[in-house]
There are 2 protein chains.
Amino acid sequence: MSDLLVRKLSCLDKLNEEEVRILRELTPQTRTFDARSDVVEQGSRPTHSTLLLEGMTGRYRILADGRRQITSIDVPGDFVDLHSFPLKTMDHGVIALSPCKTATAPHADLLRITETQPHLTRVLWLTTLIDAAIHREWLVAVGRMSALERMGHLFCELYCRLGAVGFTDRENRSYTLPITQGELGDMLGITNVHVNRTLQELRRRGLVSWRGPTVTIPNWSNLVEVSRFDPSYLHLHSEPR
Amino acid sequence: MSDLLVRKLSCLDKLNEEEVRILRELTPQTRTFDARSDVVEQGSRPTHSTLLLEGMTGRYRILADGRRQITSIDVPGDFVDLHSFPLKTMDHGVIALSPCKTATAPHADLLRITETQPHLTRVLWLTTLIDAAIHREWLVAVGRMSALERMGHLFCELYCRLGAVGFTDRENRSYTLPITQGELGDMLGITNVHVNRTLQELRRRGLVSWRGPTVTIPNWSNLVEVSRFDPSYLHLHSEPR
DNA sequence: CGAGGATTTGAGCTGGATCAAAATAGGTGG
DNA sequence: CCACCTATTTTGATCCAGCTCAAATCCTCG
């Protein structure tokens with residue numbers, strides 16, 4: 001079992017040996033999912049939470065007439081549905097955006113952590129609060145930013161989040177984004193046609209290239225400026241919680 | 001000190017006597033805020049969290065060029081910044097949308113709760129997860145719904161949330177919404193001019209009236225249908241957490 | 001090689017933005 | 001109670017970012 005979760009949580013606060021041991025024993029079982037398959041179904045009542053090990057997943061809601069909004073993207077090291085532990089019922093679905101590998105944490109074990117490990121509980125709580133902070137940032141983007149700004153902003157966010165768990169190529173300022181333009185549009189609240197045109201504009205300006213599954217950011221500070229990106233909402237630094 | 005917090009949390013799970021006692025002792029100090037004043041500043045590191053007793057507040061972010069997005073609205077009984085307890089730093093501001101009265105809960109007391117009251121901790125965690133669920137729902141609305149649908153959806157949401165803490169007039173299907181059309185636009189991601197026109201359309205169709213500070217919903221089921229409103233994301237029912 | 005999905009291009013349309021001004025509604029001091 | 005001041009709501013006219021619909025091209029993989 002990988003140390004991904006320990007690595008991720010260690011970005012947020014120092015963990016002691018016992019906490020590390022508990023986390024390592026938390027998710028023994030792994031599963032795999034095909035691209036486009038449902039990882040968690042809307043309306044279900046999960047008995048375990050799912051840690052993403054490889055690939056990317058998205059939380060989404062579909063309206064009666066087929067319009068879809070993807071409300072978040074999860075990267076390796078993220079719990080895709082830790083919130084289902086206190087919430088009990090899933091108010092949205094989770095889809096595998098690419099082939100995925102996951103590990104499962106039984107709610108019974110999470111319950112035991114909340115009963116005996118106050119500090120670890122606060123750190124787990126924190127991860128769900130960072131999810132919420134990302135939701136707020138996406139709201140700002142979708143509500144008040146242009147398609148170009150929004151898209152650049154998401155590329156910046158993913159570079160930071162993937163970097164925190166060691167999934168970027170810092171040499172080339174690049175990372176793997178194995179999703180379609182249509183799915184990107186469902187995150188940004190624009191159509192696939194407009195995704196394509198906006199992407200061409202980003203490429204034309206030399207801000208982003210996304211060829212095959214690889215996103216490259218040739219000029220980070222320019223992209224940050226155009227996208228008004230400020231990573232503080234990601235809270236990616238260790239401090240006592 | 002009011003029982004608002006106890007009433008609010010009791011909507012989510014049964015509380016025992018000790019928990020009720022702890023909650024009653026949690027927020028002795030009250031404060032008042034003028035309309036339009038900052039309740040919490042972006043970038044600050046609060047030493048206490050703020051429970052809203054009267055009035056309404058909004059979490060918001062302002063972009064460099066002045067565009068503003070309000071990412072949530074809080075109603076009496078809501079913690080406006082409980083997330084600042086594990087998060088430490090505020091990544092957004094909180095503004096009083098109307099004259100407000102608040103009560104403050106020192107983070108030191110919240111820390112003690114997490115150390116000694118696992119169940120109460122889970123319920124507090126839960127309230128922040130419901131905030132996140134509301135963020136997701138707003139994302140769906142802003143990303144994929146028309147201005148008319150979005151506005152109707154928000155009026156429905158507020159009716160449910162205010163009803164849970166006893167702040168609606170069930171007789172007349174109405175409640176007090178003491179904000180401006182411009183502020184509503186900053187929640188929905190549209191301009192104040194378009195808020196006005198959308199509102200006229202809702203009134204013309206007999207779905208909502210908003211005269212002075214009072215919102216009335218003459219025909220609930222019609223509005224629910226037009227707005228595609230499904231309250232399950234609010235998780236407003238008691239079950240063991 | 002063929003098929004189905006993904007990307008790209010084109011043409012025309014529209015929901016909501018922008019800009020500007022008029023009408024109203026509170027609130028305040030005399 | 002009135003006159004005034006300022007913020008808010010409302011209306012009008014014009015514009016444009018992003019949508020829709022449709023077709024072409026390009027991948028990828030069996």
Side-chain angles (χ1 to χ4, degrees), chain A residues 34-37 63 65-70 95-99 141-154 176-205 208-215 226-227, chain B residues 34-37 63 65-70 95-99 141-154 176-205 208-215 226-227:
Chain A
D34 291 335
R36 247 110 275 173
S37 63
L63 301 181
D65 58 5
R67 286 175 290 180
R68 179 175 74 163
Q69 177 71 37
I70 295 177
I95 190 176
L97 297 170
S98 68
V142 177
R144 290 303 186 202
M145 286 166 60
S146 70
L148 191 86
E149 293 170 312
R150 259 181 263 182
M151 192 179 290
H153 195 278
L154 183 55
T176 300
L177 185 64
I179 69 175
T180 68
Q181 293 184 11
E183 287 159 347
L184 184 58
D186 282 346
M187 296 181 202
L188 301 175
I190 60 184
T191 59
N192 55 351
V193 173
H194 200 59
V195 167
N196 188 268
R197 289 176 173 137
T198 304
L199 208 42
Q200 289 179 47
E201 176 66 12
L202 282 173
R203 284 199 279 251
R204 199 188 59 70
R205 297 203 202 173
V208 170
S209 90
W210 185 21
R211 289 260 171 254
T214 304
V215 171
V226 166
S227 324
Chain B
D34 292 335
R36 248 112 272 172
S37 63
L63 301 180
D65 58 2
R67 287 175 290 180
R68 179 175 74 164
Q69 176 71 37
I70 295 177
I95 191 177
L97 297 170
S98 68
V142 177
R144 291 303 186 202
M145 286 166 59
S146 71
L148 190 87
E149 292 170 312
R150 261 181 261 179
M151 192 178 290
H153 195 278
L154 183 55
T176 300
L177 185 63
I179 70 176
T180 68
Q181 293 184 11
E183 287 159 347
L184 184 58
D186 282 346
M187 296 181 203
L188 301 176
I190 60 183
T191 59
N192 56 349
V193 172
H194 201 59
V195 167
N196 188 270
R197 288 176 172 139
T198 305
L199 208 42
Q200 288 179 48
E201 176 67 12
L202 281 173
R203 284 199 279 251
R204 199 189 58 71
R205 296 202 202 173
V208 171
S209 90
W210 184 21
R211 289 262 170 251
T214 304
V215 172
V226 166
S227 325

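The sequence lines fix the lettering, A, B, ..., with proteins before strands; numbering per chain opens at 1.
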Working note: A:R150 + A:T198, criterion side-chain contact (heavy atoms from CB on, under 4.5 Å); need CA distance, chi angles, decisive distance, verdict.
CA-CA 10 Å; A:R150 259 181 263 182; A:T198 304; over 6 Å; no
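Between A:M151 atom CE and D:dG18 atom P the separation is 10 Å, expressed in whole Å. At whole-Å resolution of the value, CZ in B:R204 and P in D:dT10 are 16 Å apart. The CE-C1' distance, from A:M145 to C:dA17, rounds to 18 Å in whole Å. The CD atom of B:E149 sits 12 Å away from the C1' atom of C:dG15 (whole-angstrom rounding). Between B:I179 atom CD1 and D:dA7 atom P there is a gap of 19 Å when expressed in whole angstrom units. Residue B:L202 contributes atom CG, which lies 16 Å from atom C1' of D:dT9 at whole-angstrom precision. The CH2 atom of A:W210 sits 12 Å away from the P atom of C:dA6 (whole-angstrom rounding). Put simply, CZ on A:R36 is 10 Å from C1' on C:dG5, counting in whole angstrom units.
Between C:dT7, D:dT10, C:dT8, one nucleotide has an atom nearer to the side chain of B:R203 than all others, and that is D:dT10. The side chain of B:T191 approaches C:dA17 more closely than any other nucleotide in the set C:dT7, C:dA17, C:dG16.
Within 4.0 Å of B:R144, counting heavy atoms only, lies no atom of the nucleic acid at all. Across all strands shown, A:G189 has heavy atoms under 4.0 Å from sugar-phosphate atoms exclusively, and none from any base.
For A:R67 and D:dC19, the shortest distance from a side-chain N or O to OP1 or OP2 is not below 4.0 Å. Considering only side-chain N and O atoms, A:Q181 lies nowhere under 4.0 angstrom from the phosphate OP1 or OP2 of C:dG5. Regarding contacts with the backbone of D:dC27, every side-chain N or O of A:R211 stays at 4.0 angstrom or more from both OP1 and OP2.
Side chain of B:R67 to backbone of A:R144: a donor-acceptor contact under 3.5 angstrom is found.
The CG atom of B:D186 sits 10.0 Å away from the CG atom of B:L97 when rounded to the nearest 0.5 Å. Separating the CG atom in A:L202 from the CD atom in A:E149 is a distance of 11.0 Å, to the nearest 0.5 Å. Taking CG of B:L188 as the reference point, atom CE of B:M151 lies at 5.5 Å (rounded to 0.5 Å). In this structure, the separation between CD1 on A:I190 and CG on A:L184 is 6.5 Å, given to the nearest 0.5 Å. Atom CD of A:Q200 and atom CZ of A:R205 lie 13.5 Å apart (nearest 0.5 Å). One distance of note links CD of A:E183 with CD1 of A:I95; it measures 6.5 Å at 0.5 Å rounding.
We find that B:R197 and B:E201 are not joined by a salt bridge, their nearest charged nitrogen and carboxylate oxygen being 4.0 Å or further apart.
Two end axes, each from the C1' atoms of five base pairs, can be drawn for the helix from C:dC1-D:dG30 to C:dG30-D:dC1; they diverge by 50°, to 10 degrees.
Between B:E183 and A:I190, the residue anchored closer to the 5' end of DNA chain D is B:E183, taking for each the nucleotide with the nearest heavy atom. Of the residues near DNA chain D, B:T180 and A:R150, the one whose nearest nucleotide (by heavy atom distance) lies more toward the 5' end is B:T180.
The stretch residues 192-200 of chain B touches DNA chain C through B:V193, B:H194, B:R197, each having a heavy atom within less than 4.0 Å of the strand.
Here the closest heavy-atom approach between residue A:R203 and residue A:W210 is recorded as NH1-O, 3.6 Å.
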